[in-house]
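The basis for the numbers below is simple: all heavy atoms, side chains too, and nothing from hydrogens, waters or symmetry mates.
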Amino acid sequence: MPDQQDVASLYAKASTRRALWKAAIKWPMYSVAVMPALLAAGWLVGAGEAVRLDQLLGFLVAAVLLLLWENLSNDLFDADTGVDSFTKLHSVVALLGQRKPVRRFAHLALLLGLMLMLVLALRSSAAVLFLVLVSCGLGYLYQGPPFRWGYIGLGEPLCWLAFGPFATAAALLALAPLNGDGSAIPWATAFSLGSGPALATTLVLFCSHFHQVAEDAAFGKRSPVVRLGTARAAALVPWILSLVFALEWIPVLQGDWPLTALLGGLGLPAGAALIRLLRHHHDQPEKIRGSKFLALRFQALNGLGLSLGLALAPCLGFGMSSAG
């Protein structure tokens with residue numbers, strides 16, 4: 001019979017492993033995957049269009065599957081370079097102790113996600129699949145060999161492009177009414193609608209580097225935080241947050257978007273908390289490990305607020321002068 005100390009030790013190990021798996025699953029992170037579709041739905045409702053709910057549900061599921069592929073692939077690619085050896089105990093590769101099942105599951109998620117996107121494209125516009133494939137390609141460029149552009153500091157621009165104009169344009173086409181013009185990609189709307197929320201998504205990636213600067217530098221990963229140093233990178237965060245709101249609120253001031261779009265300001269408290277945390281503890285890895293989750297809270301509340309604000313506009317008597 002095991003003694004009390006052995007039982008306590010086993011329980012502690014099990015609790016630690018559960019915590020690591022919870023961190024590995026990263027379910028809050030999937031708010032970045034679903035945001036383009038939610039924004040497109042809010043925009044279409046605000047413009048007086050009927051959103052195809054079956055297409056919306058399909059796009060949400062497919063987007064989650066594709067982000068799952070990207071997350072698992074990034075674990076595999078980082079395992080190849082060794083950058084996660086000391087800082088990422090919650091890597092799925094580290095938890096399973098082998099790469100083959102992770103690779104298989106990643107490929108399955110990619111296949112299912114693309115097949116679902118193909119169905120959505122066949123029911124709306126062929127451009128949907130093209131735009132999604134471009135987004136996936138940008139995601140691969142981030143960590144995938146032989147490119148690994150994230151290692152030279154280009155991860156953030158790739159992130160903005162993938163989750164901004166490309167994903168937003170795909171969602172707008174997939175959710176649009178059947179009688180709409182499915183041949184033209186709505187670039188203007190995709191840029192105006194997706195730029196601010198995509199920058200908020202990019203901020204999540206930016207903040208994920210703060211607690212691992214030494215390790216990233218040691219393995220040749222020149223993230224923006226490594227290049228700038230934690231102090232200058234932390235000083236950049238308020239400007240990024242300001243730009244997010246500028247991109248979302250200028251259309252309101254110009255009269256193109258309804259006043260209800262200001263609901264994107266729901267993310268302000270989380271943004272302010274993120275600024276305070278990084279200002280005081282930017283060079284203390286243990287204290288800022290959760291900075292990316294504050295950035296994620298800002299991203300989720302900001303995007304949901306904007307989407308809801310656009311959708312509520314007709315109910316409150318507001319309109320949009322720019323709907324396409």
Q: When you group the ILVMFWY residues by side-chain heavy-atom contacts below 4.5 Å and let the links chain together, are Leu60 and Leu122 in the same group?
A: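 Yes, same cluster.
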Q: So do the side chains of Asn302 and Phe245 get within less than 4.5 Å of each other, counting heavy atoms only?
A: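 The answer is yes; the side chains approach within 4.5 Å.
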Q: Tell me if the CH2 atom of Trp249 is crowded by more than 12 foreign heavy atoms within 6.0 Å.
A: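 Counting neighbours around CH2 of Trp249, more than 12 heavy atoms of other residues, nucleotides or ligands fall under 6.0 Å, so yes.
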Q: Would you say Met35 ends up clustered with Tyr30 if hydrophobic residues are merged whenever their side chains have heavy atoms under 4.5 Å apart, either directly or through other cluster members?
A: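 Cluster IDs for Tyr30 and Met35 match.
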Q: Under 3.5 Å, side chain of Gln55 to main-chain N/O of Leu120, donor-acceptor pair present?
A: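 Yes: the side chain of Gln55 pairs with the backbone of Leu120.
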Q: What's the separation between atom CG in Leu173 and atom CG in Leu129, rounded to the nearest 0.5 Å?
A: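 With rounding to 0.5 Å, CG (Leu173) is 12.0 Å from CG (Leu129).
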Q: Would Trp43 end up clustered with Leu266 when hydrophobic side chains under 4.5 Å apart are linked, directly or stepwise?
A: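 The answer is no; the residues belong to distinct hydrophobic clusters.
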Q: Supply the atom-to-atom distance Tyr140 OH to Leu133 CG, rounded to the nearest 0.5 angstrom.
A: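 The CG atom of Leu133 is 15.0 Å from OH of Tyr140, to the nearest 0.5 Å.
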Q: Can you tell me if Gln299 uses its side chain to pair, donor with acceptor, with the backbone of Ala200 under 3.5 Å?
A: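 Side chain of Gln299 to backbone of Ala200, a donor-acceptor pair under 3.5 Å: no, none is there.
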Q: Evaluate whether atom CZ of Arg52 has more than 12 neighbouring non-hydrogen atoms of other residues, nucleotides or ligands under 6.0 angstrom away.
A: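 Yes, enclosed.
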Q: Is any side-chain heavy atom of His209 closer than 4.5 Å to a side-chain heavy atom of Val226?
A: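 Side-chain contact under 4.5 Å: no.
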Q: Just by distance, do the side chain of Arg148 and the backbone of Lys221 share a donor-acceptor pair under 3.5 Å?
A: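 Flag not set: sc Arg148 to bb Lys221 has no pair under 3.5 Å.
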Q: Got a second to check how far Leu308's CG is from Leu301's CG, nearest 0.5 Å?
A: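 Between Leu308 CG and Leu301 CG, I get 11.5 Å after rounding to 0.5 Å.
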Q: Less than 6.0 Å separating the ring centroids of Phe166 and Trp160?
A: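 Judged by ring-centre distance (under 6.0 Å), Phe166 and Trp160 do not meet the cut-off.
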Q: Of all the heavy-atom pairs spanning Ala261 and Leu306, show the shortest one and how long it is.
A: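 Closest approach of Ala261 to Leu306: O-CD1, 3.7 Å.
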Q: Within this structure, what is the OG-CD1 distance for the pair Ser192 and Ile250, rounded to the nearest 0.5 Å?
A: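 With rounding to 0.5 Å, OG (Ser192) is 12.0 Å from CD1 (Ile250).
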Q: Mind checking the CG-OG spacing from Leu67 to Ser135? Nearest 0.5 Å is all I need.
A: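 The OG atom of Ser135 is 11.5 Å from CG of Leu67, to the nearest 0.5 Å.
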Q: Would you name the heavy atoms of Glu248 and Gly264 that are closest together and state the gap between them?
A: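 Closest approach of Glu248 to Gly264, heavy atoms only: OE1-CA, 4.4 Å.
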Q: Using atom types as modelled and distance alone, determine if a side-chain donor or acceptor of Arg222 lies under 3.5 Å from a backbone N or O of Gly153.
A: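 Side chain of Arg222 to backbone of Gly153, a donor-acceptor pair under 3.5 Å: no, none is there.
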Q: Would you say the ring centroid of Tyr151 lies under 6.0 angstrom from that of Phe147?
A: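 No; Phe147 has its ring centre 6.0 Å or more from that of Tyr151.
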Q: Of all heavy-atom pairs between Leu68 and Phe105, which one has the smallest distance, and what is that distance?
A: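 Heavy atoms of Leu68 and Phe105 come nearest at CD2-CE2, 3.7 Å.
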Q: Quick one: does Leu294's side chain get under 4.5 Å of Leu278's, heavy atoms only?
A: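 When only atoms from C-beta onward are counted, Leu278 and Leu294 do not touch, as no gap falls below 4.5 Å.
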Q: Cut-off 3.5 Å, no hydrogens considered: what does the side-chain donor-acceptor table look like for residues 228-240, sequence neighbours left out?
A:
unit_1 : atom_1 : unit_2 : atom_2 : d
Thr230 : OG1    : His282 : ND1    : 2.9
Arg232 : NE     : Leu228 : O      : 3.0
Arg232 : NH2    : Leu228 : O      : 3.3

Q: In a check of side chain to side chain contact (heavy atoms under 4.5 Å, CB included) between Leu172 and each of Ser125, Pro36, Pro186, Ser124, which one passes?
A: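 Running side chain to side chain contact (heavy atoms under 4.5 Å, CB included) over Ser125, Pro36, Pro186, Ser124 with Leu172 returns exactly one hit, Pro186.
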Q: If only atom types and distance count, is the side chain of Ser73 paired as donor or acceptor with the main-chain N or O of Glu70 below 3.5 Å?
A: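 Not a single qualifying donor-acceptor pair exists.
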Q: Check whether any side-chain heavy atom of Leu72 lies under 4.5 Å from a side-chain heavy atom of Leu76, and answer yes or no.
A: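 No; the side chains remain at least 4.5 Å from each other.
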Q: Side-chain heavy atoms nearer than 4.5 Å, only ILVMFWY residues, links allowed to pass through others: does that put Leu310 and Leu259 together?
A: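 Leu310 clusters together with Leu259.
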Q: To the nearest 0.5 Å, how far apart are OG1 in Thr168 and CG in Leu39?
A: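 Answer for the OG1-CG pair, Thr168 versus Leu39, is 6.5 Å.
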Q: Phe59 and Ala37: which non-hydrogen atoms are nearest, and at how many Å?
A: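 In this case the closest contact between Phe59 and Ala37 is CD2-CB, 3.6 Å.
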Q: Taking the side chain as every heavy atom from C-beta outward, state whether Leu111 and Met115 have any pair of such atoms under 4.5 Å apart.
A: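 Contact flag for Leu111/Met115 side chains = yes.
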Q: Look only at the side chain of Ser291 and the backbone of Ile288, and say whether a donor-acceptor pair between them is shorter than 3.5 Å.
A: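 Present.
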Q: Search all heavy atoms of Asp216 against all heavy atoms of Ser223 and return the closest pair with its distance.
A: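 Closest approach of Asp216 to Ser223, heavy atoms only: OD2-OG, 4.2 Å.
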Q: What are the two closest non-hydrogen atoms of Lys287 and Leu277, and how far apart are they?
A: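 Nearest pair, atom of Lys287 first, then Leu277: O-CD1, 3.6 Å.
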